[in-house]
J.: 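Shown below is the structure under consideration.
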Amino acid sequence: MGRKRPSDCPSLLRQPSINYALATVSDASLSDQMDLSFDLVAALDHALLGAAGRAGLTGTGFVPGVRTADAVHGDFQANGALAYAKQQRQNPRTVAQALVEQLGDLAPLFDVSVAGPGFINLRLKPTALFAWIAAHGTRAALAAGAAAAEKDHTVVVDYSSPNTAKQMHVGHLRSAVIGEAVCRLLEFSGATVIRDNHIGDWGTQFGKLIWAHKRLLDPAALTRDALEEFERLYKLGNTAAEADPAVLKEAQQELVKLQAHDPENLALWRHIGEVSVAAFQDIYEQLGIRFDLTLGESFYNDKLEPIYRELAGCSLATESEGAQVVFHPEHPRFKTQPFIIRKSDGAANYATTDLATILYRTERLHATDVFYVVDKRQSDHFEQLFLTARKWFERTNRPLPRLRHLDFGTVLGENGKPLKTKSGDNIRLKELLAEASERSYQLVTAKNPELPEVERRTIAQIVGVGSVQYADLSQNRSSDYVFSWDKMISLDGNTAAYLLYAVARIYSIFRKLDLRPADPASEAGASPFETPAELALARKLVRFPDALGAATNHLRPHFLCTYLYELAGEFSTFYNADKVAVTEAPVRARRLLLCNRTLLLLETGLQLLGLRTLTRM
RNA sequence: GGGGCGGUAGCUCAAUGGAUAGAGCAUCGGUCUUCGAAACCGAGGGUUGCGGGUUCGACCCCCGCCCGCCCCGCCA
């Protein structure tokens, strides 16, 4: 039917911008009007294509292959000549040379050369570096540059998704942190993002919980910590039911009543849900998360019947061992491993709800993309879900959004096993974040005892929570990672504290000079960058769009983390090598310009990751 | 048994099919009368699990094997 499959939907790859002004620049002298594209890779790609046309490389598709280069070779490189030469049985260096001869328009901006077997190296001239940096001096300018990439997308991001009546624990950390970062990245790139908390608010556990709630509730404990009390009640209900068949029966009847919408049980269930969601807010606020929707499993209760009918109606669902299941005969595994959409007792399960959710998000929310930030152990489930949804939508003639499982690995303890308390319980998120703050507080107090206590507490909260977030984000999300307080709160290495310190130090410079970073006057009269440290920092600044693009296209925040860490490192080197507060006005202005842009990119980047920043720490 | 993901420096991790595989920690050696030393500079450290293959070029793609973690019918 030609309907979109997950693998060939329009990708999130950035569309090259076409409104760059490279070709109009014909004067190497410094010009405030020099307007360089936000995405220089895309601009160069286009320039190379033009050059290929003029050089007569019109055969079958010349691909420029522009990418950022190792700094020893330049700022960018184009590798397309190699593949083209191979394909056309020509000498790659000759092809590269021919291309370079057609790149005269770039001469005011780049030093262009051919190296090795046929690489084209492009190094920004100091004036061009300066012009790019001058042109991208505000958050708005960055956002405007980035916003083209995803502008036609409406993305539903399904993340966090804890269960009501239970504490959030460390197992919920990554979904929340990665999900939020992904949302912010997509928004910055112009997508309409709908944050949906698909909470687990329906299930058989409510029978035992309601049974215990009616008999064993401690109102004072409920006020003190509602989730803790719900957990206690559930455990009581569970042990009582295990010990006494009569209790089990009563609990099952409570569940039946709830499912039959008995007013009392329904009200109680609703109350539990509301109290739970309210309790989650504390965690979400600390992590900078605000959902647009909280549509839990129960929301879909009355939307499940049509799913059964449709799946049976279009010959997808079949009966197996008393359950309704979907097999995928063409799939080596799922031809025998069923996707159970209705249990043999007639009840729905998460597969059914997930299918109903896809329908809702498509028809009601008009999603073009749905991303699930869920633990990688559920990858089979999502593969079956997407396969089933695709066939179902095909057969019912509906457009299918791009569905994608953003999987992530497990948080491990130092012993290499999933992180738990010493006694083997789940570590509560609330306590984990509190410990992060406390450890940071000890550190701040040791480093800066003269700061007022209130300020040290605020700093500790931001550094502590940020450290946890950053430790999670800075690692490839697909792999497991070892949780280590010492590493994540550390001042050294790729950590939140290192980045936040760089930010604080830049603010400190401006304070010392009695200037404000946002004030353009501090940069007025800046001369082009000269020293090795200035140039290295400037070159790093120009790579921001590339890092942002990599993180957004792959939905992997660690690409941005790596960049921010390198940027902060480049700044520290510059800071140690070149004094900013010199008397010579043009030199001072250009160094302030570098400080200002580094600050802008660090703060923008950290905010996109979900972290808050500080002006002193 | 079937499948997924991983194996890169002593440790924790990076690396768009590109050039000499990079960081941090740890180790060793330097730098504070100068904008915040929570910093910076330098050194040593590698058969990218093993064996084949594809390619001008492979940590990356393909095949086989070894090891680890995870998933595989009515939990989510």
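Reminder, nothing fancy here: chain letters follow the sequence lines and each chain counts from 1.
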J.: From the options B:rA38, B:rC40, B:rA19, select the nucleotide whose nearest atom is closest to the side chain of A:V444.
T.: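 Of the candidates, B:rA38 comes closest.
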J.: Just to be sure I understand the rule, does A:N476 reach a base, reach only the sugar-phosphate, or reach nothing, if contact means heavy atoms closer than 4.0 Å?
T.: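 Sugar-phosphate, backbone atoms only, no base.
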J.: Scan every strand shown for a Watson-Crick or G-U wobble partner of B:rA37, both distances under 3.5 Å, and answer none if you come up empty.
T.: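 Pairing partner: none.
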J.: Is the shortest side-chain N/O distance from A:H558 to OP1 or OP2 of B:rC13 below 4.0 Å?
T.: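 A:H558 to B:rC13 OP1/OP2: no side-chain N or O under 4.0 Å.
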J.: Is any side-chain N or O of A:T573 closer than 4.0 Å to OP1 or OP2 of B:rC41?
T.: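 Yes.
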J.: Please tell me which of the listed nucleotides, B:rG36, B:rG18, B:rC13, lies nearest to the side chain of A:Q475?
T.: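 That would be B:rC13.
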J.: Partner of B:rG68 by Watson-Crick or G-U wobble geometry, both contacts under 3.5 Å, or none?
T.: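 B:rG68 is paired, partner B:rC5.
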J.: Would you kindly compare A:K447 and A:Q77 by the position of their nearest RNA chain B nucleotide and give the one closer to the 5′ end?
T.: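 Per heavy-atom nearest nucleotide, the more 5' residue is A:Q77.
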J.: As a test of reading the structure: which of B:rC35, B:rU16, B:rG4 is closest to the side chain of A:S379, going by heavy atoms?
T.: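 Side chain of A:S379 sits closest to B:rG4.
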J.: Who does B:rC13 pair with, Watson-Crick or G-U, both distances under 3.5 Å?
T.: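 Check on B:rC13: paired to B:rG22, both distances under 3.5 Å.
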J.: Please tell me which of the listed nucleotides, B:rG18, B:rG24, B:rC72, lies nearest to the side chain of A:Y565?
T.: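 Output: B:rG24.
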J.: Are more than 12 heavy atoms from other residues, nucleotides or ligands located less than 6.0 Å from atom CZ of A:R511?
T.: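 Buried by this count: over 12 neighbours within 6.0 Å.
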J.: Just name whichever nucleotide pairs with B:rA43, Watson-Crick or G-U, keeping both distances under 3.5 Å, else none.
T.: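 Partner of B:rA43: B:rU27.
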J.: Check whether any side-chain nitrogen or oxygen of A:R67 sits under 4.0 Å from OP1 or OP2 of B:rG18, and answer yes or no.
T.: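 Yes, such a contact exists.
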J.: Under 3.5 Å, is there any donor-acceptor pair linking the side chain of A:S484 to the base of B:rU12?
T.: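 Donor-acceptor pair under 3.5 Å: no.
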J.: Side chain of A:S320: nearest nucleotide among B:rC13, B:rA38, B:rG73?
T.: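 Closest nucleotide among those given: B:rG73.
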J.: When rounded to the nearest Å, what value does the distance between P atoms of B:rC25 and B:rA38 take?
T.: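 Straight-line distance between the two P atoms is 14 Å.
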J.: Glycosidic conformation of B:rG73, syn or anti, with 90° from 0 as the boundary?
T.: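 You should classify B:rG73 as syn.
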J.: Where the side chain of A:Y575 is defined as all heavy atoms beyond and including C-beta, which of B:rG36, B:rA76, B:rU34 is the nearest nucleotide?
T.: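 The listed nucleotide nearest to A:Y575's side chain is B:rG36.
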J.: Determine if A:H73 stacks with B:rA19; use a centre-to-centre distance below 5.5 Å and an interplanar angle below 30° as the criteria.
T.: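 Given the distance and angle limits, yes, they stack.
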J.: Looking at A:R505, does any N or O in its side chain come under 4.0 Å of the phosphate oxygens OP1/OP2 on B:rA37?
T.: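 For A:R505, the contact criterion (side-chain N or O under 4.0 Å from OP1 or OP2 of B:rA37) is met.
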J.: Could you tell me whether a side-chain N or O of A:W202 sits under 3.5 Å from a main-chain N or O of A:Y300, the two making a donor and an acceptor?
T.: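 Answer holds: no.
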J.: May I ask you to say whether A:R457 pairs ionically with A:E438, meaning some side-chain N is under 4.0 Å from a carboxylate O?
T.: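 Counted as a salt bridge, because a side-chain N and a carboxylate O are separated by less than 4.0 Å.
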J.: Closest approach to the side chain of A:R377, judged atom by atom: which nucleotide of B:rG4, B:rC71, B:rA19 is it?
T.: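 The closest nucleotide is B:rC71.
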J.: Start at the 5' end of RNA chain B and walk down; is the nucleotide closest to A:V463 or to A:N349 reached first?
T.: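 In this pair, the answer is A:V463.
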J.: Heavy atoms from C-beta onward define the side chain here; which of B:rA14, B:rA76, B:rU16 lies closest to that of A:T562?
T.: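 Output: B:rA14.
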J.: Given A:R174, which partner from the list A:D407, A:D472, A:D375, A:D480 fulfils the salt bridge (charged side-chain N to carboxylate O under 4.0 Å, His left out) test?
T.: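 Between A:R174 and the candidates, salt bridge (charged side-chain N to carboxylate O under 4.0 Å, His left out) is satisfied uniquely by A:D472.
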J.: Apply side chain to side chain donor-acceptor pair (under 3.5 Å) to the pair A:R505 and A:S572, showing each step before the final yes or no.
T.: CA-CA 9 Å; A:R505 206 157 50 167; A:S572 293; 3.1 Å; yes
J.: Pick from A:Q167, A:H169, A:M168: which one makes a side chain to side chain contact (heavy atoms under 4.5 Å, CB included) with A:L429?
T.: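 When A:Q167, A:H169, A:M168 are each tested with A:L429, the side chain to side chain contact (heavy atoms under 4.5 Å, CB included) holds only for A:M168.
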J.: Is the side chain of A:H331 donor-acceptor paired with the backbone N or O of A:R333 at a distance under 3.5 Å, no angle test?
T.: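 Side chain of A:H331 to backbone of A:R333, a donor-acceptor pair under 3.5 Å: yes, one is there.
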J.: Is a donor-acceptor contact shorter than 3.5 angstrom present between the side chain of A:Y501 and the base of B:rA38?
T.: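 Checked by distance alone, the answer is no.
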J.: Using the purine O4'-C1'-N9-C4 or pyrimidine O4'-C1'-N1-C2 torsion, is B:rC32 syn (within 90° of 0) or anti?
T.: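 Chi for B:rC32 falls in the syn range.
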J.: Report the nucleotide, chosen from B:rA19, B:rA14, B:rA76, that has the shortest atom-to-atom distance to any side-chain atom of A:Q378.
T.: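 The nucleotide sitting nearest to the side chain is B:rA76.
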J.: Looking only at N and O atoms, is any donor in the side chain of A:D492 or the base of B:rA23 less than 3.5 Å from an acceptor on the other one?
T.: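 Flag unset: no donor-acceptor pair detected.
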J.: I'd like to know if A:S508 reaches the base of B:rC35 with its side chain, counting only an N/O donor and acceptor under 3.5 Å.
T.: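 Result: no qualifying N/O pair found.
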J.: A:A115 side chain: which of B:rA76, B:rA14, B:rA19 is closest?
T.: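 For the A:A115 side chain, the nearest candidate turns out to be B:rA19.
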